[in-house]
Amino acid sequence: MNLDFAQIVPYIPFILKGIKVTLQVTFFSVVLGFLWGSVLALIKISNIRILKALAVGYTSIFRGTPLILQLTFVYFATPQLTGYNISQFEAAILTFTLNSGAYISETIRGGILAVDKGQWEAAKALGVPYRRMMTDIILPQAVKNILPALVNETIALLKESALVSTIGLADLMQNANIVKGTIYRYFEPYLLAGFCYYVMVMLLTWVARVLERRLRRSD
């Protein structure tokens, strides 16, 4: 077996530097995707038929097309359509936010509908306005129910963030690609990148288990 890890040693800091970009893309996409997904979920459970149909159609499109297609479309088509030269980082955040929002909206919608009907009826009986009822009573309970699912979505985003290397963003995967092209060796840089992704996913999985245990304890 032709393995030589000594060649990759000088490039390890460069590959690890990509972890910061990977985590930034994941973090901003999850936070913004949660906010956008919450808006979509509230629209979907509303009685405004036009907005409801638009939200359902939006979700269908983003769940029904490949993420890499959405990413390349946003990055390469945005300058043509708007005249704005979107950066690689902006394209990554925008695409992952739009995509994640579609998935998270379904999760939040399910969490809202899972809240006991008695909570809705009690709030209505007390005359609590709809906005306060959602923000103070229903959404906090819904988020508690779906917290493990949100952590799983974060794990999925972390792994899928490797796709940003296709538009040249210097994340963990792209830096491994650059090192591969520099030393003409595939196994060593990709093995290191794979190990880093595995460690990050295991850490998030551990966080998910801790959250689940705490949620079960508080029930």
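Owing to the predicted nature of the structure, the values given are computational and were not obtained by experimental measurement.
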Counting only pairs under 3.5 Å, give me each side-chain donor-acceptor contact of residues 48-56, with atom names and distances, residues two or more places apart or in other chains.
none

Open item on the list: I need the minimum non-hydrogen distance between Leu67 and Glu160, along with the two atoms involved.
Closed with: CD2-OE1, 3.6 Å
With clusters built from Ile, Leu, Val, Met, Phe, Trp and Tyr whose side-chain heavy atoms come within less than 4.5 Å, directly or transitively, what are the remaining members of the cluster of [X], listed by chain and number?
| X | result |
| --- | --- |
| Tyr103 | none |
| Leu203 | Phe195, Val199 |
| Tyr184 | none |

Any side-chain heavy atom of [X] within less than 4.5 Å of one from [Y]?
| X | Y | result |
| --- | --- | --- |
| Leu42 | Arg109 | no |
| Phe28 | Thr97 | no |
| Ile15 | Ile8 | yes |
| Glu90 | Leu94 | no |

[X]: partners by side chain to side chain donor-acceptor pair (under 3.5 Å), with sequence neighbours left out:
| X | value |
| --- | --- |
| Ser100 | Glu153 |
| Gln7 | Asp4 |
| Asn152 | none |

Partner residues of [X] under the salt bridge (charged side-chain N to carboxylate O under 4.0 Å, His left out) criterion, sequence neighbours left out:
| X | result |
| --- | --- |
| Glu188 | Arg185 |
| Lys180 | none |
| Arg209 | none |

- [ ] Please say whether more than 12 non-hydrogen atoms of neighbouring residues, nucleotides or ligands are located less than 6.0 Å from CZ in Phe5.
- [x] yes
Open item on the list: Ignoring hydrogens and geometry beyond distance, is a side-chain donor-acceptor pair present between Asn175 and Tyr11 at under 3.5 Å?
Closed with: no
Open item on the list: Between Thr59 and Glu106, do the side chains contain a donor N or O and an acceptor N or O under 3.5 Å apart?
Closed with: no
Task: Residue pairs passing the ring pair (Phe, Tyr, Trp, His ring centres under 6.0 Å) test where at least one lies in residues 60-88, sequence neighbours excluded - done: Tyr58-Phe62
Task: Those residues that, when tested against Thr107, pass side-chain contact (heavy atoms from CB on, under 4.5 Å) (two or more places apart) - done: Ile146, Ala149
Check: [X] side chain, [Y] main-chain N or O, donor-acceptor pair, under 3.5 Å:
| X | Y | value |
| --- | --- | --- |
| Thr22 | Leu172 | yes |
| Gln88 | Ile167 | yes |
| Thr72 | Leu69 | yes |
| Ser29 | Thr26 | no |

Open item on the list: Count I, L, V, M, F, W, Y as connected when their side-chain heavy atoms are under 4.5 Å apart, and connections chain through other members. Are Trp206 and Leu150 then in the same cluster?
Closed with: yes
TODO: Give the C-alpha distance, both sets of side-chain angles, the deciding distance and a yes or no for side-chain contact (heavy atoms from CB on, under 4.5 Å) between Val25 and Leu169.
DONE: CA-CA 10 Å; Val25 170; Leu169 184 61; 3.9 Å; yes
